[in-house]
Amino acid sequence: MSVLKIKDVSKIFANGTVRAVDNFSLDVADGELVCLLGPSGSGKSTLLRMVGGFERPTSGLMIINGEDITHVPPEKRPTGMVFQSHALWTHMNVFKNLAFGLKLRKVAPDEIKRRVEGVLDLVGLGGYGTRHVAQLSGGQQQRVALARSLVLEPKILLLDEPFASLDQHLRERLREEVRDIQQRLKITTLFVTHGQDEALSMADRIVVMRDGKTEQIDRPDIVYREPQTPFVAGFIGTMNLIEGTVSNGIFSKAGYSTPLPVSDGPAILAVRPEALDLTVANDNAQGKVHRVTDYGTHGLVDLELLDSTRVKAMVSHPDLFRAGQGVRLAPKAIAAYRDNAVIHRA
Amino acid sequence: MATLVHRKTDWTGIVLAVVLTLVIVFPLIVVGTWAFTNVWRYPSVIPQEFGLRFWYQTLARADVWTSITTSLTLATTVTGISALICLPAAYAFARMDFPGRDILFFSFLAGHAFPKFGLLVAIAGIFLQLNLIGTFWGVVLIQLVGTLLFMIWIPVAAFQSVDRRMEEAARDVGAGPFRVFWSITLPQAGPTIAAAVLLSFVGTFYETEGAWLIGAPQVRTLPVLMISFINNQPVIQYGAVLSVLLWVPSFIALMFARRVVNSGSFARGFGG
């Protein structure tokens, strides 16, 4: 059953020209973790803030558990938000930060103590209640911010780029912790990020957004393997997008050609670096090696087609290739796009 | 092993310290010494006779005690009214958007942009018609003008520096707008606002031009009394005793400030 239903929501900001969110719809199931993924300015944060009640939709409906909450103020919504900047109250200690919301709900003091301590244990900060916020590290502050939302047992947890201010190691660890907690509590979660790693590793489903619109909503593996638009293809992972033309079932671009069984016209050919085999060729070369990078486990070859279009290929033996060498390309899996839609996949 | 590292003498620091001592501390010492001196004649470097004679003489005067009461009542009243008017205004300036906001905001500088005495004389002319000259409330009104700048500008900076996300987080856990202001915004802005209140209290306590022009001779504050003492009887000790008396409130205020305000919030108050 869907816990959160967003129906045809648009947000136009006061000056009237910026459509931050454009006719957006989404159903989130009970216990599901959905990632809103997109570059900055794609409207993902605005959408999350509308679910939290901090922005009002210009049009459309927001429904939580069958109840229309479109015009309900944030303090009356069953949502809990974790902010990118943590937004902890620096004039209170950790315990008071967590207890504030419970006090507003007139929970008995010993019950407050029990619940706060329980949640602090859950986020790995047992015994930190008397600490001041300023005494905590960035990761600990983020955990307190998460605990502050969780202690109120919200129906929907909203996370607005919660790890953006943390370093890479901490980010990876917290991402696993948050996913564990989310699955243990089975709490419905909406997660905003511009990091594809975060989305791919955490989400049950990913919503890829661009200019306030949905590009694709799917499971992470499908978004990765079967991107529905060239934008998604280019945004998730590394993808070679080669713009060329199809004529008589042959795609060609600057000396490179490959069979593509679609009607004549322009097309964008999409090939992942790991799906592109290279062979050294002195005659009939389709491209030239520009740079070889050895990552230990594999190598990455940057090559140029005859018109200087850049293409990346992943190789298992980088020592076989040298800059300036001629190569031939043999894609193992391709997709082709025309007019922002898939026309072929093989 | 012998220590080869000598602490280098910081001559710049020493020169600065000496100059600062001469400029700030020396006059204070001189005034403090004069206050407890019975006889001090040229060319003696230290007084011939120390004593509390002038303290007894000064504190025996009824007008001194009246003026102390007047000064404290005035400063408290002015600061209180100023806070009532200015703090909500500061919040509005910091958080709301309304037509003429910027011009209105800068208009508070206007009172300090001209020679003050000219402004005061002009206001005195108006007060004369309103029968406010020589009244307590007349002085309150004129001194209010002096506090506006501090009590608007510093709290505006204080409210602006409160992280909006903190307020949103409070809304998120269930606090209504008023509760958010009370439990989050005010405590966050509190130390800086306390600094503004303190500055306006001390500023009002020592204000002389307005108090003299509007209040004299019926309403006499301690600084106004000090000026008339010095003008009427050129005995240095009277002025010195009153100066020491006048230090007391600012000293207490500063002690209080040290407890309430840390340097960080002070800096924030001035947009630092």
Side-chain angles (χ1 to χ4, degrees), chain A residues 14-15 45 48-55 72-93 96-107 112 116 119 133-134 141 144-154 156-162 165, chain B residues 87 91-92 94-102 154-155 157-197 256-269 272:
Chain A
N15 56 23
S45 277
L48 195 80
R49 288 173 58 76
M50 283 196 283
V51 178
F54 302 110
E55 303 283 355
V72 174
E75 64 267 27
K76 298 209 168 76
R77 292 189 183 205
T79 52
M81 179 112 149
V82 178
F83 294 85
Q84 180 181 341
S85 57
H86 319 320
L88 296 176
W89 304 306
T90 47
H91 58 290
M92 301 181 190
N93 64 18
K96 283 181 178 160
N97 264 277
L98 267 64
F100 185 67
L102 293 168
K103 271 190 196 148
L104 292 173
R105 284 165 176 71
K106 310 250 185 302
V107 177
I112 290 182
V116 168
V119 172
V133 170
Q141 291 190 3
V144 174
L146 179 66
R148 182 173 65 184
S149 291
L150 289 177
V151 79
L152 299 171
E153 293 166 7
I156 299 169
L157 185 63
L158 306 171
L159 303 165
D160 189 5
E161 307 215 16
S165 58
Chain B
L87 293 184
Y91 187 78
R95 287 300 167 80
M96 293 165 195
D97 206 15
F98 48 88
R101 180 181 165 279
D102 291 344
I154 297 177
F159 285 129
Q160 274 174 344
S161 71
V162 175
D163 184 359
R164 297 294 283 265
R165 296 284 182 262
M166 276 193 203
E167 295 174 348
E168 287 181 348
R171 290 290 295 270
D172 195 54
V173 300
F178 184 75
R179 184 65 200 247
V180 171
F181 180 78
W182 186 250
S183 297
I184 308 298
T185 317
L186 212 51
Q188 284 287 326
T192 317
I193 289 174
V197 169
F256 178 72
R258 272 168 58 92
R259 288 172 60 95
V260 176
V261 184
N262 58 45
S263 55
S265 336
F266 247 123
R268 221 168 51 209

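Letters A, B, ... are given to chains in the order of the sequence lines, protein chains preceding strands, and every chain is numbered from 1.
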Scan the chain B/chain A interface and emit each donor-acceptor pair under 3.5 angstrom with its distance.
from: B:Met166; atom 1: O; to: A:Trp89; atom 2: NE1; distance (Å): 2.9
from: B:Glu168; atom 1: OE1; to: A:Arg49; atom 2: NH1; distance (Å): 2.8
from: B:Glu168; atom 1: OE2; to: A:Arg49; atom 2: NH1; distance (Å): 3.4
from: B:Glu168; atom 1: OE2; to: A:Arg49; atom 2: NH2; distance (Å): 2.7
from: B:Arg171; atom 1: O; to: A:Glu75; atom 2: N; distance (Å): 3.4
from: B:Arg171; atom 1: NE; to: A:Glu75; atom 2: OE1; distance (Å): 2.6
from: B:Arg171; atom 1: NH2; to: A:Glu75; atom 2: OE1; distance (Å): 2.9
from: B:Asp172; atom 1: OD2; to: A:Met81; atom 2: N; distance (Å): 2.5
from: B:Val173; atom 1: O; to: A:Arg105; atom 2: NH1; distance (Å): 2.6
from: B:Ser183; atom 1: O; to: A:His91; atom 2: NE2; distance (Å): 2.8
from: B:Gln188; atom 1: OE1; to: A:Thr90; atom 2: OG1; distance (Å): 3.4
from: B:Gln188; atom 1: NE2; to: A:Thr90; atom 2: OG1; distance (Å): 2.8
from: B:Gln188; atom 1: NE2; to: A:His91; atom 2: ND1; distance (Å): 2.8

*Which portion of A:Leu102 sits near chain B, non-hydrogen atoms under 4.5 angstrom*: neither
*Nearest heavy-atom neighbours spanning B:Ala169 and A:Ala87*: CB-O, 3.9 Å
_Using every non-hydrogen atom in the two residues, find where B:Ile184 and A:Met92 come nearest and quote the distance to one decimal._
CD1-CE, 3.9 Å
